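My questions all concern the structure below.
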Amino acid sequence: MAHHFIIEEENANSTVEHYLLRHAKLGPRSALKKAFRNDQVRLNQRPVARLAPLSTGDKLEVIALDVFKQEQLKLVPNPRLTPEIVIKTEDFIVINKPAGMSAHPLKPTETDTALQALGARYPETLQTADPTRPLEGLLAHRIDTGTSGLLVCARSLAARRRLKEVWKKQGIKKVYLAWVEGNLEIEKRICFFLSHSEKSKKRMIASVIEPRGLRSWPAETSFRSLYGVNTAYGPSTLVLAQIHTGVTHQIRATLAALGHAVLKDQVYSSSSNPLKGLAERSEKLSTETKQLFSKCSSTLQPNLRPNESLLPERGFFLHALWLSSEEEKAFHQGIFAPLPAHFKA
């Protein structure tokens with residue numbers, strides 16, 4: 001699909017990205033970013049960077065099949081799907097998302113997502129909170145398609161704004177459970193810098209020292225190994241992980257850098273080279289994290305084993321197990337997501 005624009009005087013000096021998002025109202029944002037990377041956004045017939053300034057009379061075009069006008073970006077509820085509700089309050093609904101299911105659609109032709117399943121029963125969750133991200137509804141956060149577990153959605157714009165502020169201040173605690181490749185003995189807090197791989201935008205790469213000339217984000221994650229088992233596809237270890245920051249693929253990229261990728265994670269399974277100097281960027285677990293891990297592990301049934309035969313398509317062995325917040329009443333006591341079948345066979 002092609003979109004063509006001639007820049008008028010009132011939009012001169014705007015950046016290309018700002019114009020396309022705010023004036024032309026194209027989206028979703030993720031597809032537009034992809035279009036820039038693929039040289040599908042052109043200014044006067046030449047590929048252009050997203051922050052390039054515009055001039056009066058410029059000819060701007062976007063040629064990408066997954067970029068749409070805002071009026072086309074509508075969430076369609078899917079009554080065929082039944083979301084597993086963990087808790088429901090006046091302000092929030094928390095579901096247990098299955099592995100292999102996207103949290104929300106990336107384009108209007110997608111229909112089998114967690115948000116659309118939720119929206120069929122609770123239409124208020126499909127409201128637009130961010131005009132540049134209309135397909136995200138009132139989701140308060142996202143988890144990867146391959147990850148199962150807790151996904152929080154607001155029921156009003158005010159509730160979402162409130163929770164997003166809490167998240168921004170790191171007022172949400174989250175613990176994940178993972179089966180990882182190999183025998184891993186770990187009980188420490190790992191600190192890395194994560195940046196997008198130059199070879200593949202689907203991956204994040206970890207660095208002990210902040211890389212020069214490359215945008216990166218500090219990622220801090222605490223880990224505790226529980227026990228290991230032998231499986232048909234080699235040894236595997238059950239691990240708890242608490243994220244202290246919120247970086248894309250934080251747990252997956254960190255474990256891969258340690259040489260123990262999340263089991264069946266096709267994006268990171270080949271990243272099995274441990275980083276040198278790891279000890280320089282690690283520290284002991286805090287007392288609070290130790291207590292939290294003990295609380296979480298006490299809820300798990302004994303003798304868990306990964307079962308690949310029960311793993312959904314596009315899924316891997318990472319589960320958003322627990323969430324709490326002292327600042328949000330609904331989450332004071334903490335919320336647990338039941339384990340999926342592929343974790344406990």
Side-chain angles (χ1 to χ4, degrees), residues 28-30 75 81 83-87 92-106 110 112-119 125 129-130 133 135-154 160 163-164 166-168 170-180 194 202-204 217 219-223 239-256 261-268 296 311-325 328 330-331 334-343:
R29 184 190 290 263
S30 57
L75 283 164
L81 302 175
E84 180 184 346
I85 307 296
V86 178
I87 67 162
F92 303 103
I93 301 175
V94 182
I95 67 171
N96 189 10
K97 184 188 81 67
M101 177 183 284
S102 298
H104 64 84
L106 295 178
E110 291 183 59
D112 295 338
T113 72
L115 177 59
Q116 289 162 299
L118 189 59
T125 61
D130 182 348
R133 300 174 184 267
L135 297 181
E136 296 182 17
L138 294 186
L139 286 179
H141 67 120
R142 293 173 290 176
I143 57 176
D144 295 331
T145 297
T147 304
S148 57
L150 297 172
L151 184 64
V152 182
C153 193
R160 183 182 184 275
L163 191 59
K164 292 291 278 188
V166 174
W167 228 296
K168 196 174 184 180
Q170 298 185 354
I172 303 285
K173 297 176 184 176
K174 289 189 73 179
V175 175
Y176 289 73
L177 187 68
W179 283 108
V180 304
L194 297 183
K202 293 182 179 180
R203 294 172 57 141
M204 303 292 283
W217 296 265
E220 300 188 10
T221 317
S222 292
F223 296 98
V239 176
L240 286 168
Q242 180 186 8
I243 55 173
H244 303 286
T245 52
V247 183
T248 300
H249 295 186
Q250 178 170 328
I251 295 173
R252 299 165 61 192
T254 299
L255 285 167
V262 172
L263 201 61
K264 308 310 294 183
D265 185 348
Q266 301 301 321
V267 172
Y268 288 98
C296 289
L311 182 67
E313 185 179 357
R314 300 198 300 162
F316 42 73
F317 286 89
L318 181 62
H319 182 69
L321 176 68
W322 185 87
L323 177 149
S324 76
S325 173
E328 186 56 55
F331 309 139
I335 307 165
F336 282 93
L339 292 184
H342 57 277
F343 258 80

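Here the structure is a predicted model, which means the values were calculated and not measured.
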### Query
What closest approach, in Å, do Gly334 and Ser324 show between heavy atoms, and which atom pair accounts for it?
CA-CB, 3.7 Å
#### Entry: Heavy-atom pair with the smallest gap, counting every atom of Leu75 and Pro105
CD2-CG, 3.5 Å
### Query
Atom NZ of Lys97 and atom OG of Ser148: how far apart are they, to the nearest 0.5 Å?
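If I round to the nearest 0.5 Å, the distance is 7.0 Å.
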### Summary
Heavy-atom nearest pair, Gly146 first then Ala99, reads O-CB, 3.4 Å
#### Entry: Working for side-chain contact (heavy atoms from CB on, under 4.5 Å), residues His104 and Arg133
CA-CA 11 Å; His104 64 84; Arg133 300 174 184 267; over 6 Å; no
### Where Val166 and Ser325 come nearest, the two heavy atoms and their spacing
CG1-OG, 3.5 Å
### Message
Any non-hydrogen side-chain atom of Trp167 less than 4.5 Å from a side-chain atom of Lys174?
### Response
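SC-SC contact between Trp167 and Lys174 confirmed.
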#### Entry: ring pair (Phe, Tyr, Trp, His ring centres under 6.0 Å) between Phe331 and Phe92, worked out
CA-CA 10 Å; Phe331 309 139; Phe92 303 103; 5.5 Å; yes
### Query
Do side-chain atoms of Tyr268 reach the backbone of Thr254 as a donor and acceptor pair under 3.5 angstrom?
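Between the backbone of Thr254 and the side chain of Tyr268 there is no qualifying donor-acceptor contact (under 3.5 Å).
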### Task
To the nearest 0.5 angstrom, please state how far the CZ atom of Phe223 sits from the CG atom of Leu255.
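Going from the CZ atom of Phe223 to the CG atom of Leu255 covers 4.0 Å.
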### Polar side-chain atom of Arg160 near backbone of Leu139 as donor-acceptor pair, under 3.5 Å
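It does hold such a pair.
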### Query
When the ring planes of Trp179 and Phe343 are compared, do they come out parallel, tilted or perpendicular, using 30° and 60° as the limits?
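If you compare the ring of Trp179 with that of Phe343, the planes turn out tilted.
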### For the student: nearest non-hydrogen atoms of Thr248 and Met204, plus distance
O-CG, 3.4 Å
### Query
Can you list the steps and then say if Leu194 with His249 is a side-chain contact (heavy atoms from CB on, under 4.5 Å)?
CA-CA 9 Å; Leu194 297 183; His249 295 186; 5.9 Å; no
### Query
Is there a donor-acceptor contact under 3.5 Å from the side chain of Gln116 to the main chain of Glu110?
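Answer holds: yes.
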### Query
Rounded to the nearest 0.5 Å, how far does NE2 of His141 lie from SG of Cys153?
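The distance works out to 9.0 Å.
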### Task
Could you pull out the closest heavy-atom pair between Val86 and Leu150, with the gap in Å?
CG2-CD2, 4.1 Å
### Query
Do Leu339 and His319 have side chains that get closer than 4.5 Å, going by heavy atoms?
yes
#### Entry: Leu240 side, atom CG; Trp322 side, atom CH2 - distance, nearest 0.5 Å
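Nearest 0.5 Å value for the CG-CH2 distance: 11.5 Å.
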### Query
Would a distance-only check, ignoring hydrogens and angles, find a side-chain to backbone donor-acceptor pair under 3.5 Å from Thr113 to Ser102?
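Absent.
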### Query
When rounded to the nearest 0.5 angstrom, what is the spacing between CE in Met101 and CG in Leu115?
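CG of Leu115 is found 11.0 Å from CE of Met101.
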### Task
Check whether any side-chain N or O of Gln250 sits under 3.5 Å from a backbone N or O of Glu220 as a donor-acceptor pair, and report yes or no.
yes
### Message
Just so I know, are the side chains of Leu118 and Ile85 near enough to count as touching, which here means a heavy-atom distance under 4.5 Å?
### Response
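Yes, at least one pair of side-chain atoms sits under 4.5 Å.
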### Task
Find the distance between CG (Asn96) and CD1 (Ile335) and round it off to the nearest 0.5 Å.
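Between atom CG of Asn96 and atom CD1 of Ile335 there are 11.5 Å.
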### Query
Do Phe316 and Thr147 come close enough that some side-chain heavy atom pair is under 4.5 Å?
yes
### Side chains of Tyr176 and Ile143 in contact at under 4.5 Å (non-hydrogen atoms)
yes
### Task
Please tell me if the side chains of Glu136 and Pro28 come closer than 4.5 Å, counting only heavy atoms from C-beta onward.
no
#### Entry: Sub-4.5 Å side-chain heavy-atom contact between Val94 and Leu151
no
### Query
Are side-chain heavy atoms of Gln242 and Cys296 found at a separation under 4.5 Å?
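They are not in side-chain contact.
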